[in-house]
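The model shown is predicted, which means the values in this text are computed figures rather than measured ones.
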Amino acid sequence: MMTLALLLCARAAAAQTPAEDNPQASKIELLPRSAFHISAEHLADEDIKFVWDTNFGGELDVIGYGNGRATFVANYQAILGDEFRHFDPNQGNYILAGSASVRTHGIEVAGVFYHQSRHLADRANRVAVAWNMMGGRVQRTATIGRTHLDTRVDVRGVVAKSFVDYNWETEAAVRSDVQIRPAVGLLFDGTLRLLGVDGSQNRGNQTGFRAEAGVRLSGRAGAMEFFLAGERRIDPYPLEFGTAGWVTVGFRLLSR
């Protein structure tokens, strides 16, 4: 379904001027783009480990080279419960990723390296929980009237891992931003995650998803988003295998 949306998005935007037709696209630029975010959302869950989910991070195009770019991504996620105190951080998770892409016919194709490590916070833990992946990405952006669409499909294979049983991952995402006033928009975001495992934990391949809807308020230097989301998360706690589902309400601050 996500892949079909990607193809439909590509067809709908075919009339737009692709990046490779832009005379500026042949220039080599240092640090042409950056995007940073801070978010917090409250989780509707009876488990005392899961009360707040916070994220801090961003992405930076280190260099733009004609019809492509090299991008660095970093994100820190802190999960808070209320086991020992009202705001009790119990895990901190790091994502570091890099990609190099080429744009062709309005579609961007990239090779991706992805690293994630998970840690307990304010709790003793001597087990390393981490994995490295390599793979590819296809993505497309388009503006159709007052609607801006971002679509992406990632396919990655695990090249190194510790503690986890992951072998491969496919992630597809579609985001729609609809402008209803000059500084006000509606957002709709959907993500589907398929995770292949090696069987060492006596479970089959895993499926996770997230659906989000909200409002976006834009200013000269950035934007604020307020959203309601439903999610099924794979392995929500670093030392436990399984899934959890919840409804969340939160906000997000974004650089422009």
Side-chain angles (χ1 to χ4, degrees), residues 2-3 6 19 29-41 53-79 91-104 107-119 121 128-141 150-175 189-197 206-210 212 225 229 231 233-236 238 252-256:
M2 294 291 187
T3 305
L6 178 65
E29 295 182 272
L30 183 65
L31 306 177
R33 187 190 69 92
S34 63
F36 300 94
H37 64 266
I38 299 174
S39 69
E41 52 192 298
D53 184 350
T54 63
N55 285 271
F56 313 86
E59 59 183 74
L60 182 69
D61 287 354
V62 180
I63 188 170
Y65 45 87
N67 295 326
R69 55 180 173 160
T71 303
F72 172 74
V73 175
N75 188 80
Y76 174 72
Q77 177 192 44
I79 304 292
Q91 59 174 294
N93 306 314
Y94 300 85
I95 292 176
L96 298 173
S99 64
S101 71
V102 174
R103 300 183 187 95
T104 177
I107 296 176
E108 188 169 12
V109 181
V112 178
F113 174 81
Y114 176 97
H115 166 82
Q116 184 169 164
S117 62
R118 306 186 65 186
H119 308 266
V129 183
W131 62 97
N132 294 334
M133 291 179 165
M134 294 188 69
R137 171 182 300 152
V138 178
Q139 63 186 53
R140 176 71 189 243
T141 64
D150 290 286
T151 56
R152 171 179 59 84
V153 177
D154 283 64
V155 179
R156 301 185 290 259
V158 172
V159 295
K161 61 185 177 182
S162 174
F163 187 79
V164 300
D165 61 344
Y166 309 157
N167 270 346
W168 55 265
E169 180 176 9
T170 298
E171 185 177 46
V174 175
R175 172 166 171 140
D189 198 326
T191 303
L192 175 65
R193 184 183 177 205
L194 304 177
L195 185 66
V197 299
Q206 301 292 295
T207 301
F209 60 83
R210 179 181 172 93
E212 179 181 310
E225 296 178 348
E231 182 174 358
R233 186 171 299 184
I234 303 171
D235 299 341
R252 188 180 294 118
L253 304 178
L254 303 161
S255 63
R256 191 156 181 84

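Using a 4.5 Å heavy-atom threshold, the side chains of Arg233 and Asp53 count as touching. Side-chain contact between His119 and Tyr94: present, with at least one pair of heavy atoms (C-beta onward) separated by less than 4.5 Å. In this structure the side chain of Val155 never reaches within 4.5 angstrom of the side chain of Val138, judged on heavy atoms. Using a 4.5 Å heavy-atom threshold, the side chains of Tyr114 and Trp131 count as touching. Within the 4.5 Å cutoff, side-chain heavy atoms of Phe72 are placed close to those of Leu96. Proximity of Gln139 to Asp154: side-chain heavy atoms (C-beta onward) are nowhere separated by under 4.5 Å. Between Glu212 and Arg252 there is a side-chain heavy-atom pair separated by less than 4.5 Å. Side-chain contact between Thr104 and Asn67 is absent, with no heavy-atom pair separated by less than 4.5 Å.
In terms of heavy-atom proximity, Ala35 sits nearest to Ser255 at CA-OG, 3.4 Å. When all heavy atoms are compared, the tightest approach of Pro236 to Arg118 is O-NH2, 2.9 Å. Looking at every heavy atom in both residues, Ser101 comes nearest to Ala110 through CB-CB, 3.6 Å. Nearest heavy-atom pair across His115 and Ala130 is CE1-CB, 4.3 Å. When all heavy atoms of Gly208 and Ile234 are compared, the closest pair comes out as N-CD1, 3.6 Å. Taking all atoms of both residues into account, the shortest heavy-atom contact from Ala128 to Ser162 is O-OG, 2.7 Å.
The distance from the CG atom of Asp150 to the CZ atom of Arg140 is 11.0 Å, given to the nearest 0.5 Å. Note that OH of Tyr76 is 12.5 Å distant from CD1 of Ile95, once rounded to the nearest 0.5 Å. The structure places CG of Asn93 at 9.5 Å from CG of Asn75, a figure rounded to the nearest 0.5 Å. Atom CD1 of Ile63 is separated from atom CG of Leu31 by 9.0 Å, given to the nearest 0.5 angstrom. Taking CG from Asn167 and CZ from Arg156, the interatomic distance works out to 14.0 Å, rounded to the nearest 0.5 Å. Annotation: the span from Leu254 atom CG to Phe36 atom CZ amounts to 12.0 Å, rounded to 0.5 Å.
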What do the steps show when you test Lys161 against Glu169 for salt bridge (Lys or Arg N to Asp or Glu O under 4.0 Å), and what is the final call?
CA-CA 13 Å; Lys161 61 185 177 182; Glu169 180 176 9; over 6 Å; no
Evaluation steps, side chain to side chain contact (heavy atoms under 4.5 Å, CB included), between Leu192 and Thr207
CA-CA 8 Å; Leu192 175 65; Thr207 301; 4.0 Å; yes
Check the pair Gln77 / Ile79 against side chain to side chain contact (heavy atoms under 4.5 Å, CB included), numbers first and verdict last.
CA-CA 7 Å; Gln77 177 192 44; Ile79 304 292; 3.8 Å; yes
Go through the steps for Glu29 and Arg69 under the test salt bridge (Lys or Arg N to Asp or Glu O under 4.0 Å), then give the verdict.
CA-CA 9 Å; Glu29 295 182 272; Arg69 55 180 173 160; over 6 Å; no
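Listed for the Thr71 side chain is no donor-acceptor partner under 3.5 Å among the backbone atoms of Ser99.
Ion pairing between Glu41 and Arg210 holds under the 4.0 Å rule for side-chain N and carboxylate O.
Results of the salt bridge (charged side-chain N to carboxylate O under 4.0 Å, His left out) test with Glu171 over Arg152, Arg137, Arg193 single out Arg152 as the only residue that passes.
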